[in-house]
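Here is the structure we will look at.
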Amino acid sequence: MSKTFKRTTVTAALIYANGPIHIGHIAGCYLPADIYVRYLRAAGRDVKFISGTDEHGVPITIKAKKEGVTPQEVVDKYYKIIKDSFEEFGISFDIYSRTSNKVHHEMSQDIFKKIYDQGQFTEETTEQYYDEKAKTFLADRYIIGTCPKCGNENAYGDQCERCGSTLSPTELINPRSSLSGDKPILKATKNWYLPLDKMQPMLEEYIASHPEWKTNVLGQVKSWLNDGLKPRAMTRDLDWGIKVPLPDTEGKVMYVWFDAPIGYISMTKELTDQWELYWKDPETRLVHFIGKDNIVFHCLIFPAMCKADGRFILADNVPANEFMNLEGDKISTSRNWAVWLHEYLREFEGKQDILRYVLAASAPETKDSDFTWSDFQIRNNSELVGIFGNFVNRAVVLTEKNFEGKVPKQGQLNDYDRQALATLQELPAKIADSIENYRFREALALMMDVARLGNKYLADTEPWKVIKTDSERTATILNVGLQIAANLAILCEPFMPFTAEKLRKVLNIESLSWSEAGRADLLAEGQPITNVGLLFEKVEDVTVAAQVQKLEEAKRQNLLEGKAVPAIKEEVKYDDFAKMDIRVGTIISAEKVAKSKKLLKLTINDGLKQRIILSGIGEHFQPENIVGQQVTFLANLAPRPMMGMVSEGMVLMAEDKDGSLSFIQPDKNIWNGGVVS
RNA sequence: CGCAGGAUGGAGCAGUAGGUAGCUCGUUGGGCUCAUAACCCAAAGGUCACAGGUUCGAGUCCUGUUCCUGCUACCA
């Protein structure tokens with residue numbers, strides 16, 4: 001796609017305003033987007049960089065209820081935290097707004113109305129579960145009940161986590177609301193659907209016109225198209241969100257994924273009167289930076305909305321990233337397994353560029369990647385300090401020592417100089433090409449090659465030796481060295497803006513355009529050099545160790561806090577208890593059940609026979625370690641088929657605060673078959 | 001279950017239209033001393049997840065298998 005565009009609209013995912021942001025968000029979309037935008041600006045292109053917080057939807061109302069505040073208070077709090085940390089981190093949005101703004105409500109309603117008026121929605125009345133006490137319809141996830149397939153009493157309305165089957169809320173036996181605990185009732189409700197099934201041919205054509213998109217993006221999209229798209233409800237029964245602009249729709253709001261992407265448009269409108277140019281002109285390139293979980297919304301649903309409306313351009317590219325893990329584990333807000341940006345900024349003051357560098361260097365561009373503190377330290381110490389910082393420092397110190405801190409005269413260049421400068425000259429275009437094709441890791445590596453080139457140049461020309469015999473030649477060498485540093489100031493700007501700024505101060509130059517890069521006359525002879533100190537400092541072992549420890553501590557704390565002693569269940573009669581036949585037996589063999597994560601097949605000597613019990617404890621115990629242990633089990637539980645076998649009973653376990661399991665065992669070995677009462 | 005993405009030297013990644021497997025970091029040895037023990041040079045290290053197949057030739061194409069991830073709460 002070599003189509004040329006007059007301007008670019010860049011969006012970065014609207015983040016959900018119910019928590020602070022972490023490194024995964026940054027590496028996933030904000031940093032790549034920022035690099036892209038900063039480069040475009042440096043290249044003199046017309047670009048607008050738009051993002052904000054998404055403030056509607058069910059999870060925010062739940063969070064508000066939990067904390068005993070209003071949804072508005074929740075989003076206000078997080079909007080500020082998020083916005084401030086982005087700003088301090090140097091993510092250079094042209095506007096960072098929010099979907100609770102008036103402009104956004106109006107824009108969303110306008111688009112909804114337009115699609116409605118054009119007859120593009122279908123109306124459907126369905127029966128949904130309603131919680132009478134909480135006075136709200138329940139999202140699938142907030143209905144809990146017994147799984148019709150495996151009997152798990154805590155299956156969710158959309159899925160049973162024990163057997164993995166996909167459910168719909170009406171299949172659940174004994175459904176209850178996770179909000180009030182009450183049994184919800186079925187209530188008829190009318191909603192408006194976007195008939196994606198009918199729009200599929202159009203969407204297929206759109207996707208087919210972009211073979212250049214990343215494979216992970218195309219793969220995901222094709223997976224949805226192959227399954228066949230289904231109509232999707234664009235309204236919800238809820239009181240938190242954007243009102244549906246139709247008569248008799250009290251208590252209905254738009255589906256968050258309807259209004260959220262419209263946020264990109266409304267925020268642009270908030271930014272500039274020229275907003276229509278950025279959203280309606282076919283000569284505008286629209287690029288969405290997102291994480292992989294948002295692919296379907298940005299590649300199919302939002303384009304479908306735009307088409308249904310008819311006024312807006314579609315994305316030219318959606319360079320979605322995969323996910324970043326932390327120390328080998330999935331980043332998780334609820335488990336507090338994350339490096340939070342606002343905390344990093346506090347603990348590593350003025351060191352934004354280290355994190356920017358490390359995250360850009362290991363961004364999950366093609367597959368999930370891993371952030372570790374040890375990698376952070378190594379990358380800083382050996383690459384930023386050792387290569388980049390050191391090169392600049394060498395050039396500056398040599399100039400200070402030998403030429404009174406002024407750019408020396410560039411005399412006659414020899415072949416070696418010309419060769420080095422020729423290599424330098426090629427790099428800006430290469431870096432630009434990588435960035436324009438969304439290969440930011442590659443671009444970053446090429447930028448570092450400039451610093452490597454500088455180090456090698458100094459090592460090969462040995463100005464500290466030459467100065468003893470030939471001052472004129474030394475002047476030329478250091479001039480070239482400083483010119484390379486000046487190039488670095490331009491080329492590192494998209495990735496490390498704070499460093500670029502510092503470097504410009506050192507060299508006493510203004511911010512230069514990308515097109516100036518590659519030249520060897522950026523610095524004039526006699527221009528003073530100001531040594532403002534080191535660009536990067538080493539990260540010590542103790543710093544890194546402290547971070548790792550903090551992570552583990554936070555994780556442990558969170559686990560403990562998350563656990564409350566559950567309330568006592570409903571009272572039972574002695575007869576109910578007496579029905580249960582609980583006995584002691586010994587595990588005589590244990591093995592993993594093939595294809596199952598958690599199931600262990602236990603053979604138990606119960607004093608009468610060998611009994612097979614399948615138990616979901618595989619994540620807590622190694623089979624070989626539990627053979628010979630005595631266990632307590634429910635002996636008269638109806639046999640249940642599982643994974644092609646039959647389980648005859650249930651082993652009793654006690655769960656500790658941290659989720660670990662222990663067997664319930666007699667305090668001394670007793671005979672197999674001993675009855676518990 | 002299904003669909004999709006991934007699996008390449010110790011670590012992180014490239015590998016473009018099938019033709020002797022590259023880069024960065026780390027390791028080892030050497031050089032240098034202007035520089036934050038930093039920089040420069042060199043070397044070692046891979047049966048490209050596993051098993052088949054197509055081909056003169058496969059990391060690259062096809063089939064099957066295993067593991068990780070997404071689609072599925074928190075979530076880029």
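Just so we're on the same page: letters track the sequence lines, and every chain starts at 1.
Taking the six-membered ring for Trp and the full ring otherwise, A:F49 and A:Y96 have centroids separated by 6.0 Å or more.
When the P atom is used for both B:rA49 and B:rG59, the distance is 10 Å, rounded to whole Å. Across B:rG10 and B:rG6, the matching P atoms stand 22 Å from one another, rounded to whole Å. Between the P atoms of B:rU72 and B:rU20, the separation comes to 44 Å (whole Å). A distance of about 15 Å separates the P atoms of B:rA11 and B:rC50, rounded to the whole Å. Taking the P atom of each, B:rA42 and B:rA58 are spaced 32 Å apart, rounded to whole Å. Rounded to the nearest Å, the gap between the P atom of B:rA17 and that of B:rC62 is 14 Å. A distance of about 26 Å separates the P atoms of B:rA4 and B:rG9, rounded to the whole Å. Using atom C1' as the reference point in both B:rC41 and B:rG46, the two lie 24 Å apart (nearest Å).
Nearest-nucleotide mapping onto RNA chain B: of A:W224 and A:K538, the residue sitting toward the 5' end is A:K538. Of the residues near RNA chain B, A:N325 and A:G219, the one whose nearest nucleotide (by heavy atom distance) lies more toward the 5' end is A:G219.
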Per-nucleotide pairing state of RNA chain B [Watson-Crick or G-U, under 3.5 Å; [ ] pseudoknot-crossing; | other strand]:
.((((((..((((.....[..)))).(((((.......))))).....(((((..]....))))))))))).....
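Residue A:S362 places its side chain closer to B:rG12 than to any other of B:rG5, B:rG12, B:rC39. Proximity note for A:Q220 (side chain, C-beta onward) versus B:rC39, B:rC34, B:rG70: the nearest is B:rG70. The side chain of A:K367 has B:rA7 as its nearest neighbour among B:rA7, B:rU24, B:rC39. Of the candidate nucleotides B:rG70, B:rC40, B:rA35, B:rC40 has the atom lying nearest to any side-chain atom of A:N455. Here B:rG70 is the nucleotide among B:rG70, B:rG5, B:rC25 with the atom lying nearest to any side-chain atom of A:K292. Checking B:rC34, B:rG5, B:rC40 against every side-chain atom of A:E322, the shortest atom distance belongs to B:rG5. Taking every side-chain heavy atom of A:K465 into account, B:rU33 is the closest of B:rU33, B:rG6, B:rG26. Distances from the side chain of A:R452 to the nucleotides B:rU24, B:rC13, B:rA14 place B:rU24 closest. Checking B:rC40, B:rC34, B:rU69 against every side-chain atom of A:K330, the shortest atom distance belongs to B:rU69. Closest contact between the side chain of A:D293 and the listed nucleotides B:rC71, B:rU36, B:rU69 involves B:rC71.
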I'd like to know whether A:Q483 forms a side-chain hydrogen bond (donor to acceptor under 3.5 Å, both in side chains) with A:N479, so could you lay out the CA-CA distance, the side-chain angles of the two residues, the decisive distance to 0.1 Å, and finally the verdict.
CA-CA 6 Å; A:Q483 302 292 356; A:N479 182 289; 3.2 Å; yes
Could you walk me through whether A:Q377 and A:D541 pass the side-chain hydrogen bond (donor to acceptor under 3.5 Å, both in side chains) test, one step at a time?
CA-CA 8 Å; A:Q377 182 188 23; A:D541 291 349; 2.6 Å; yes
Go through the steps for A:Y457 and A:D417 under the test side-chain hydrogen bond (donor to acceptor under 3.5 Å, both in side chains), then give the verdict.
CA-CA 8 Å; A:Y457 179 78; A:D417 299 340; 2.8 Å; yes
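Within 4.0 Å (heavy atoms only), A:K401 reaches sugar-phosphate atoms of the nucleic acid but no base atom.
Of the residues listed (A:K351, A:Q352, A:E383), the one engaging A:Y357 in a side chain to side chain donor-acceptor pair (under 3.5 Å) is A:E383, and it is the only one.
The two atoms that bring A:L196 and A:A304 nearest to each other are CD2-CB, 3.6 Å, heavy atoms only. Smallest separation of non-hydrogen atoms from A:D34 and A:G90: OD2-O, 3.0 Å.
Using a cut-off of 4.0 Å between Lys/Arg side-chain N and Asp/Glu carboxylate O, A:K292 and A:E322 are scored as salt-bridged. We find that A:D449 and A:R452 are joined by a salt bridge, their nearest charged nitrogen and carboxylate oxygen being less than 4.0 Å apart.
For A:E400 and A:N531, the side-chain atoms include at least one donor-acceptor pair closer than 3.5 Å.
For B:rA14, the OP1/OP2 oxygens have a side-chain nitrogen or oxygen of A:T366 closer than 4.0 Å. Of the side-chain N and O atoms in A:R441, one or more sit less than 4.0 angstrom from OP1 or OP2 of B:rA14.
Without hydrogens or angle criteria, A:S369 side chain to A:M324 main chain gives no donor-acceptor distance under 3.5 Å.
Contacts between residues 383-390 of chain A and RNA chain B, defined by a heavy-atom separation under 4.0 Å, are made by A:E383, A:V385, A:G386, A:I387, A:G389, A:N390.
Atom OH of A:Y16 and atom P of B:rC74 are 8 Å apart (whole Å).
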